[in-house]
Amino acid sequence: MDAIVDRSFNIFDLSDYSLLHIFKYVSSTDLYHLSLTCKRFEGLVKEKKLWQYIDAREDPNTKDKVNYCINRINERTKEFLVCSQKRDVQILPEKLFTTRAYPNLTVLALENQLIRGDLAKLAEYPKGLVELSLRKSFVHSHSTFFKLSYLHMDNLKVLILDECGWVETYMLVPMSKYPKLEVLSLYKCKKLSDNDIAYLSLAGCFGFKRLRVLDIRFTGMEFKNAL
(Lines give C-alpha, C1' and ligand atoms only; values in the text may rest on other atoms or scores of the structure.)
Protein backbone atom coordinates (compact mmCIF):
# COMPACT_ATOMS: atom_id res chain seq x y z
CA MET A 1 0.00 0.00 0.00
CA ASP A 2 1.31 3.45 -0.91
CA ALA A 3 2.42 5.61 1.96
CA ILE A 4 0.00 8.35 2.95
CA VAL A 5 1.31 11.71 1.74
CA ASP A 6 0.49 14.84 3.66
CA ARG A 7 -0.74 17.24 0.98
CA SER A 8 -1.72 20.05 3.35
CA PHE A 9 -0.39 23.46 2.41
CA ASN A 10 0.39 26.50 4.51
CA ILE A 11 1.11 29.84 2.87
CA PHE A 12 3.77 30.49 5.49
CA ASP A 13 5.78 27.62 4.03
CA LEU A 14 6.49 29.76 0.99
CA SER A 15 9.71 31.72 0.76
CA ASP A 16 9.74 35.51 0.97
CA TYR A 17 10.66 35.60 -2.71
CA SER A 18 7.57 33.56 -3.66
CA LEU A 19 5.29 35.63 -1.45
CA LEU A 20 6.57 38.89 -2.93
CA HIS A 21 5.89 37.50 -6.41
CA ILE A 22 2.28 36.74 -5.39
CA PHE A 23 1.87 40.12 -3.72
CA LYS A 24 2.67 41.85 -7.03
CA TYR A 25 -0.85 40.93 -8.17
CA VAL A 26 -2.60 42.15 -5.03
CA SER A 27 -4.39 45.52 -4.84
CA SER A 28 -3.07 48.33 -2.67
CA THR A 29 -6.05 47.95 -0.33
CA ASP A 30 -5.38 44.23 0.03
CA LEU A 31 -1.70 44.91 0.71
CA TYR A 32 -2.82 47.15 3.55
CA HIS A 33 -5.03 44.36 4.92
CA LEU A 34 -2.15 41.87 4.61
CA SER A 35 0.04 44.20 6.66
CA LEU A 36 -2.41 43.81 9.56
CA THR A 37 -2.30 40.01 9.64
CA CYS A 38 1.15 39.22 11.02
CA LYS A 39 4.65 40.65 11.50
CA ARG A 40 6.07 38.73 8.54
CA PHE A 41 3.51 40.07 6.09
CA GLU A 42 3.76 43.53 7.63
CA GLY A 43 7.45 43.59 6.77
CA LEU A 44 7.09 42.04 3.31
CA VAL A 45 4.42 44.42 2.01
CA LYS A 46 6.68 47.39 2.72
CA GLU A 47 8.86 46.31 -0.19
CA LYS A 48 9.11 49.40 -2.40
CA LYS A 49 8.59 47.58 -5.69
CA LEU A 50 5.07 46.60 -4.55
CA TRP A 51 4.15 50.29 -4.41
CA GLN A 52 5.03 51.47 -7.90
CA TYR A 53 1.34 51.61 -8.84
CA ILE A 54 -0.84 52.58 -5.90
CA ASP A 55 -4.60 52.54 -6.42
CA ALA A 56 -6.08 52.85 -2.94
CA ARG A 57 -9.57 53.97 -4.00
CA GLU A 58 -11.19 50.64 -3.18
CA ASP A 59 -13.34 50.57 -0.05
CA PRO A 60 -12.89 50.87 2.83
CA ASN A 61 -11.33 54.32 2.53
CA THR A 62 -10.60 54.69 6.21
CA LYS A 63 -8.10 57.25 7.41
CA ASP A 64 -5.78 54.50 8.64
CA LYS A 65 -5.71 52.79 5.26
CA VAL A 66 -5.24 56.01 3.33
CA ASN A 67 -2.41 57.15 5.62
CA TYR A 68 -0.74 53.75 5.31
CA CYS A 69 -0.80 53.98 1.50
CA ILE A 70 0.45 57.56 1.57
CA ASN A 71 3.39 56.42 3.66
CA ARG A 72 4.23 53.80 1.03
CA ILE A 73 4.87 56.40 -1.70
CA ASN A 74 8.53 56.24 -2.64
CA GLU A 75 10.95 57.24 -5.38
CA ARG A 76 9.78 54.28 -7.51
CA THR A 77 6.09 55.18 -7.37
CA LYS A 78 4.62 56.00 -10.78
CA GLU A 79 0.91 56.21 -9.95
CA PHE A 80 -0.87 57.23 -6.76
CA LEU A 81 -4.67 57.18 -6.62
CA VAL A 82 -6.53 57.77 -3.38
CA CYS A 83 -10.09 58.56 -2.33
CA SER A 84 -11.64 59.74 0.92
CA GLN A 85 -14.84 58.49 2.52
CA LYS A 86 -16.03 62.07 3.05
CA ARG A 87 -15.58 65.05 0.79
CA ASP A 88 -14.99 67.47 3.68
CA VAL A 89 -12.04 65.50 5.06
CA GLN A 90 -8.46 66.46 4.24
CA ILE A 91 -6.36 63.29 3.97
CA LEU A 92 -3.28 64.41 2.06
CA PRO A 93 -0.47 65.93 4.14
CA GLU A 94 -0.03 69.55 3.08
CA LYS A 95 3.75 69.28 2.63
CA LEU A 96 3.82 65.82 1.04
CA PHE A 97 5.23 67.04 -2.25
CA THR A 98 7.48 69.76 -0.86
CA THR A 99 9.47 67.67 1.62
CA ARG A 100 10.36 64.86 -0.80
CA ALA A 101 10.81 64.50 -4.54
CA TYR A 102 8.93 61.85 -6.50
CA PRO A 103 10.66 61.91 -9.90
CA ASN A 104 8.73 58.99 -11.39
CA LEU A 105 5.21 59.99 -10.30
CA THR A 106 3.18 60.63 -13.47
CA VAL A 107 -0.43 59.81 -12.49
CA LEU A 108 -2.10 61.34 -9.42
CA ALA A 109 -5.73 61.04 -8.33
CA LEU A 110 -6.96 62.86 -5.21
CA GLU A 111 -10.68 62.17 -5.29
CA ASN A 112 -13.66 62.99 -3.06
CA GLN A 113 -11.63 64.89 -0.49
CA LEU A 114 -10.80 68.35 0.83
CA ILE A 115 -7.71 70.02 -0.63
CA ARG A 116 -6.43 73.21 0.99
CA GLY A 117 -5.28 75.25 -1.97
CA ASP A 118 -4.03 78.03 0.27
CA LEU A 119 -1.60 75.66 1.99
CA ALA A 120 -0.43 73.44 -0.87
CA LYS A 121 -0.42 74.82 -4.41
CA LEU A 122 -0.52 72.75 -7.58
CA ALA A 123 2.79 74.33 -8.64
CA GLU A 124 4.38 72.43 -5.73
CA TYR A 125 3.20 69.04 -7.02
CA PRO A 126 5.57 66.74 -8.94
CA LYS A 127 6.63 68.38 -12.19
CA GLY A 128 6.44 65.11 -14.12
CA LEU A 129 2.67 64.65 -13.68
CA VAL A 130 0.98 63.61 -16.91
CA GLU A 131 -2.48 62.93 -15.49
CA LEU A 132 -4.25 64.58 -12.55
CA SER A 133 -7.73 63.76 -11.25
CA LEU A 134 -9.53 65.79 -8.58
CA ARG A 135 -12.87 64.10 -9.24
CA LYS A 136 -15.52 65.03 -6.65
CA SER A 137 -12.96 66.84 -4.50
CA PHE A 138 -13.41 70.29 -3.02
CA VAL A 139 -10.45 72.62 -3.45
CA HIS A 140 -10.49 75.39 -0.87
CA SER A 141 -9.00 78.62 -2.31
CA HIS A 142 -8.99 77.08 -5.79
CA SER A 143 -7.72 80.26 -7.47
CA THR A 144 -4.62 80.15 -5.28
CA PHE A 145 -4.26 76.41 -5.86
CA PHE A 146 -4.14 76.74 -9.67
CA LYS A 147 -2.27 80.06 -9.79
CA LEU A 148 0.60 79.96 -12.34
CA SER A 149 0.58 76.16 -12.23
CA TYR A 150 0.86 76.04 -16.02
CA LEU A 151 4.44 77.29 -15.67
CA HIS A 152 5.29 74.21 -13.62
CA MET A 153 3.00 71.50 -15.00
CA ASP A 154 4.39 71.49 -18.52
CA ASN A 155 3.94 67.71 -18.92
CA LEU A 156 0.26 67.58 -17.92
CA LYS A 157 -1.86 65.93 -20.62
CA VAL A 158 -5.01 64.86 -18.74
CA LEU A 159 -6.94 66.95 -16.19
CA ILE A 160 -10.09 65.45 -14.64
CA LEU A 161 -12.35 67.72 -12.60
CA ASP A 162 -15.59 65.75 -12.82
CA GLU A 163 -18.36 66.73 -10.38
CA CYS A 164 -16.36 69.63 -8.95
CA GLY A 165 -19.03 72.23 -8.22
CA TRP A 166 -16.46 74.96 -7.54
CA VAL A 167 -15.15 75.02 -11.14
CA GLU A 168 -16.30 78.23 -12.85
CA THR A 169 -15.99 79.44 -16.43
CA TYR A 170 -13.22 81.96 -15.77
CA MET A 171 -10.98 79.08 -14.69
CA LEU A 172 -10.85 77.85 -18.28
CA VAL A 173 -8.39 80.66 -19.08
CA PRO A 174 -5.54 79.47 -16.82
CA MET A 175 -6.36 75.85 -17.67
CA SER A 176 -5.98 76.63 -21.35
CA LYS A 177 -2.34 77.53 -20.76
CA TYR A 178 -1.15 74.02 -19.93
CA PRO A 179 1.09 73.52 -22.97
CA LYS A 180 0.50 69.78 -23.48
CA LEU A 181 -3.08 69.40 -22.22
CA GLU A 182 -4.98 66.97 -24.44
CA VAL A 183 -7.93 65.88 -22.27
CA LEU A 184 -10.01 68.14 -20.01
CA SER A 185 -12.96 66.49 -18.28
CA LEU A 186 -15.50 68.81 -16.63
CA TYR A 187 -18.39 66.38 -16.38
CA LYS A 188 -21.18 67.69 -14.12
CA CYS A 189 -19.37 70.91 -13.21
CA LYS A 190 -22.61 72.79 -12.62
CA LYS A 191 -21.17 76.31 -12.35
CA LEU A 192 -19.83 76.29 -15.89
CA SER A 193 -21.88 78.57 -18.11
CA ASP A 194 -21.65 79.79 -21.69
CA ASN A 195 -22.97 83.16 -20.50
CA ASP A 196 -19.37 84.12 -19.71
CA ILE A 197 -18.52 84.39 -23.38
CA ALA A 198 -15.41 86.53 -22.78
CA TYR A 199 -13.65 83.79 -20.85
CA LEU A 200 -14.67 81.19 -23.42
CA SER A 201 -13.30 83.33 -26.23
CA LEU A 202 -9.99 83.96 -24.49
CA ALA A 203 -9.48 80.31 -23.65
CA GLY A 204 -10.42 79.15 -27.13
CA CYS A 205 -8.41 81.72 -29.06
CA PHE A 206 -5.17 81.80 -27.09
CA GLY A 207 -4.98 78.42 -25.36
CA PHE A 208 -5.84 74.72 -25.56
CA LYS A 209 -3.39 74.30 -28.43
CA ARG A 210 -3.28 70.50 -28.11
CA LEU A 211 -6.74 69.82 -26.66
CA ARG A 212 -8.40 66.77 -28.25
CA VAL A 213 -11.14 65.92 -25.73
CA LEU A 214 -13.36 68.33 -23.78
CA ASP A 215 -16.09 66.73 -21.68
CA ILE A 216 -18.72 69.32 -20.69
CA ARG A 217 -21.69 66.99 -20.35
CA PHE A 218 -24.27 68.06 -17.77
CA THR A 219 -22.83 71.54 -17.33
CA GLY A 220 -24.28 74.96 -18.13
CA MET A 221 -22.31 75.08 -21.37
CA GLU A 222 -23.92 74.18 -24.66
CA PHE A 223 -21.99 72.09 -27.15
CA LYS A 224 -22.62 74.56 -29.95
CA ASN A 225 -20.57 77.13 -28.00
CA ALA A 226 -17.92 74.73 -26.78
CA LEU A 227 -14.26 75.40 -27.46
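Just so you know, these numbers come straight off a predicted model, no measurement behind them.
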* Should we count NZ of K78 as having more than 12 external heavy atoms under 6.0 Å? ->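 Incorrect, the count does not exceed 12.
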* To do: Before accepting this row, confirm whether a basic side-chain N of the pair K86/D88 lies closer than 4.0 Å to the acidic partner's carboxylate O.
  =>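 Salt bridge: no.
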What I want to check is whether the side chains of [X] and [Y] have a donor and an acceptor closer together than 3.5 Å.
X	Y	answer
Y53	T77	no
T144	K121	no
K65	N61	yes

Is the shortest side-chain heavy-atom distance between [X] and [Y] below 4.5 Å?
X	Y	answer
T219	K190	no
S133	L108	no
E111	L134	no
S176	Y150	no

* Relative to each other, are the rings of F138 and H140 parallel, tilted or perpendicular (30° and 60° limits)? ->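 Plane angle between 30° and 60°, so tilted.
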* Asked: What class does the angle between the rings of F41 and F23 fall in, given that below 30° is parallel, 30 to 60° is tilted and above 60° is perpendicular?
  ->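 Aromatic pair F41/F23 classed perpendicular.
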* Residue pairs involving residues 178-189 (criterion salt bridge (charged side-chain N to carboxylate O under 4.0 Å, His left out); sequence neighbours excluded) ->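 Output for this query lists E182-R212.
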* To do: Quick one: which residue pairs count as a salt bridge (charged side-chain N to carboxylate O under 4.0 Å, His left out) with a foot in residues 129-143, not counting sequence neighbours?
  =>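 Passing the test, one end in residues 129-143: R135-E163.
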* **Residue pairs fulfilling side-chain hydrogen bond (donor to acceptor under 3.5 Å, both in side chains) with at least one residue in residues 30-51, sequence neighbours excluded** =>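 Qualifying pairs: D16-R40, S27-D30, K48-E75.
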* Evaluation steps, side-chain contact (heavy atoms from CB on, under 4.5 Å), between I115 and L92 -> CA-CA 8 Å; I115 298 173; L92 198 71; over 6 Å; no
* **Pairing residues for R116 by the salt bridge (charged side-chain N to carboxylate O under 4.0 Å, His left out) criterion, not counting sequence neighbours** =>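 Salt bridge (charged side-chain N to carboxylate O under 4.0 Å, His left out) list for R116, sorted by chain: D118.
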* **V213: hydrophobic cluster co-members (side-chain, 4.5 Å)** =>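 V158, I160, V183, all in the cluster of V213.
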* Is there a donor-acceptor pair closer than 3.5 Å between any side-chain N or O of N104 and the backbone N or O of T106? ->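 No, because the side chain of N104 does not come within donor-acceptor range (under 3.5 Å) of the backbone of T106.
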* Centroid-to-centroid, Y125 to Y102, below 6.0 Å? ->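 No, the ring of Y125 stays outside the 6.0 Å limit from the ring of Y102, centre to centre.
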* With sequence neighbours excluded, residues passing side chain to side chain contact (heavy atoms under 4.5 Å, CB included) with K209 ->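 Partners of K209 by the side chain to side chain contact (heavy atoms under 4.5 Å, CB included) criterion come out as none, since no residue qualifies.
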